[in-house]
Amino acid sequence: MTQDTNRDVTSGPDFPPAPAQGPASVGIAGAQDARDANETVGNAAGFAGASEPNASVVPLPPMPSAQGQAPEQLTEQAHPYAAGDDMVSGGFTDAEATTANAAIAWPTEEDEESVVQPGQGAAFAGLTTDSTSDPAFAGAETESAVVNPTASVVSPEAVVVSQQDGSAPSEGLQVAEPQSKAAHPRTGTIVACGILGAVFLLLAALVYVKGVLTDAGQGYDTMVWWTMSSQEPFTEVLVQAFHVSAVVLGIAGAAAVAGLAIAAVRRRVGLIIQLIAFAAVVLIITGVAKSHLPRTTFNPNRPNPANSAPSGHTLLFAAAMIALMLAVSRAWRAWVALIGWLASSAVGLALVAGRWHRPSDVVMSLFIAGAIACIVLAFTRGSGMDRIVDRKPSAAVQIVAPALIVLGVMALGYSLYGIWQLLPNLADEPTWGVSIACESAVAAIVGAGALVSGVVCALRQLTASPLTGAGIFGTPPRPPKVK
């Protein structure tokens with residue numbers, strides 16, 4: 001028999017005889033084997049051959065039985081479709097059947113990155129079957145295959161949705177988004193933002209209570225205040241770069257304005273509102289907290305007995321770096337978080353080495369900036385998120401954010417270990433512990449900045465680009481294969 005792209009649906013020894021009466025089973029272009037064709041007997045008239053939804057189709061004569069015959073015994077005379085001429089009006093030739101087969105390009109196993117949404121598209125209206133092996137018929141409910149001859153033939157590409165970007169098809173079909181919610185981040189992410197914001201607030205309060213309201217804490221701050229620049233020579237370079245208020249505030253202002261401009265260019269109105277709210281809360285805390293928080297005087301010989309916690313310069317600078325990271329697109333989030341951590345840590349160390357602030361002031365400010373950012377991210381909605389087509393995993397975020405978090409935890413642990421060694425003698429400000437105090441202060445400032453930058457970077461990716469059912473950032477899981 002002449003071979004062409006339109007498979008002989010009667011081939012195979014298992015094909016049972018066609019019924020003696022009733023409409024013929026014809027025109028099932030795209031059937032995978034003889035079993036698929038047998039399941040649609042009596043209801044598949046002209047499915048692929050119909051050019052219009054209501055086109056009339058004249059049934060063809062019944063096909064001869066192939067039962068008991070070897071494939072090589074079937075001849076062109078035994079199969080009415082093998083003839084090269086038109087059989088009857090409403091039927092189709094080999095060339096037309098080939099065209100119909102090409103139009104109905106059923107998904108294959110090679111389509112690993114796509115998933116067919118069941119029940120979508122006019123071509124599948126009224127289609128039900130007991131066969132679950134074919135992904136094109138997944139979701140069918142009844143036991144007999146019924147093809148609606150009045151349904152328009154729609155290419156299945158219209159119902160194939162990219163699992164990576166969650167974009168909807170261009171045919172106007174409404175496709176569910178099981179892996180990418182459009183209105184708001186996942187509930188688990190919102191709860192995580194609130195919890196981590198509360199944790200950062202508690203850490204800031206703990207630093208204030210232990211570092212400012214205790215004799216040992218004030219003794220530790222005083223030791224670092226006097227000796228940081230001499231014990232840590234590299235801080236002298238930072239002092240030369242950032243020991244000017246106009247420089248620190250100028251860089252912070254430029255970063256904040258750049259963040260708003262980027263959000264405006266991206267047309268993220270919700271994000272602009274978040275950034276403005278973030279800046280307003282930071283400014284209020286900077287202006288109010290320092291003047292209202294008390295500081296007990298345990299030793300009048302210690303320098304600057306007035307309260308200086310939190311550090312306004314550190315808080316404003318760290319908040320500006322965070323705002324810029326929140327505003328940029330997915331491709332830049334990790335790198336801005338990394339640069340923001342390095343810059344915020346450098347400013348904090350310069351302020352301590354230059355004797356503008358105590359180490360407890362700087363660490364407290366970093367935790368406050370992180371707390372406000374997490375709470376603001378909990379209110380992310382709509383245009384505060386990435387567009388659906390831009391919601392993709394970020395390898396840079398997956399690497400940088402966890403690395404910063406781990407570095408922050410380890411550095412803070414090292415700092416606490418150094419303070420624990422000095423704790424029994426901190427109130428006396430022992431000279432033998434100066435080196436340990438300065439090293440622990442450097443570790444505390446660098447660790448707090450790293451922890452805040454890593455957590456906020458990860459939460460921003462989660463709130464802007466929710467991908468997986470578990471609410472974690474990464475490649476979305478593939479749908480289970482239908483058995």
Side-chain angles (χ1 to χ4, degrees), residues 162 164-167 180 182 185 189 192-193 196 250-279 282 316-347 366 369-370 372-374 376-408 446 449-468 472-476:
S162 173
Q164 290 294 327
D165 58 20
S167 58
S180 182
T189 299
C193 290
L196 291 172
I251 295 175
V257 172
L260 289 173
I262 292 173
V265 170
R266 297 179 63 204
R267 299 179 181 179
R268 306 284 86 195
V269 178
L271 178 57
I272 294 176
I273 296 175
Q274 284 182 284
L275 295 178
I276 293 175
F278 180 49
V282 169
L316 291 175
F317 193 92
M321 294 294 106
I322 290 174
L324 182 60
M325 187 266 293
L326 299 181
V328 298
S329 61
R330 172 184 54 85
W332 291 95
R333 279 182 194 130
W335 310 117
V336 175
L338 189 62
I339 294 172
W341 161 60
L342 293 173
S344 298
S345 299
V347 169
L366 292 172
I372 300 173
C374 291
V376 168
L377 286 176
F379 293 92
T380 303
R381 296 292 185 275
S383 59
M385 306 165 67
D386 290 343
R387 297 183 307 167
I388 294 178
V389 295
D390 296 328
R391 295 180 190 177
K392 301 176 182 179
S394 171
V397 172
Q398 291 174 327
I399 296 173
V400 171
L404 288 176
I405 294 172
V406 172
L407 174 62
V446 172
L451 182 61
V452 167
S453 296
V455 168
V456 175
C457 179
L459 290 180
R460 178 52 186 161
Q461 176 68 17
L462 287 173
T463 54
S465 186
L467 293 177
T468 67
I472 61 177
F473 54 93
T475 304

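For this chain, numbers begin at 1 and follow the sequence in order. Keep in mind the model is a prediction, meaning the values are calculated, not measured.
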Is any side-chain heavy atom of [Y] closer than 4.5 Å to one of [X]?
| X | Y | answer |
| --- | --- | --- |
| V452 | W341 | no |
| M385 | P466 | yes |
| R460 | T380 | yes |
| R267 | S383 | no |

[atom1]/[X] to [atom2]/[Y] distance, rounded to the nearest 0.5 angstrom?
| X | Y | atom1 | atom2 | result |
| --- | --- | --- | --- | --- |
| F278 | L271 | CZ | CG | 11.5 Å |
| L324 | I339 | CG | CD1 | 8.5 Å |
| L275 | L260 | CG | CG | 5.5 Å |
| L377 | I372 | CG | CD1 | 12.0 Å |
| I262 | I272 | CD1 | CD1 | 11.5 Å |
| L326 | C457 | CG | SG | 9.5 Å |

Nearest heavy-atom neighbours spanning [X] and [Y]:
| X | Y | value |
| --- | --- | --- |
| S345 | V446 | OG-CA, 3.9 Å |
| S465 | D386 | CB-OD2, 4.0 Å |
| A369 | A318 | CB-CB, 4.1 Å |
| A343 | M321 | CB-SD, 4.4 Å |
| G454 | I405 | C-CG1, 3.7 Å |
| A396 | W335 | CB-CZ2, 3.9 Å |

*With S453, which of L404, I322, L366, L342 fulfils side chain to side chain contact (heavy atoms under 4.5 Å, CB included)?*
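Answer after filtering L404, I322, L366, L342: L404.
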
*Ignoring hydrogens and geometry, is there a side-chain-to-backbone donor-acceptor pair from R268 to A263 under 3.5 Å?*
no

*Where the side chain of T463 meets the backbone of P185, is there a donor-acceptor pair that is under 3.5 Å apart?*
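Not confirmed, T463 side chain does not pair with P185 backbone.
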
*Would D390 and R266 pass as an ion pair if we require N to O under 4.0 Å?*
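Answer for the salt bridge query: no.
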
*Distance-only donor-acceptor check, side chains R333 and Q461, under 3.5 Å*: yes

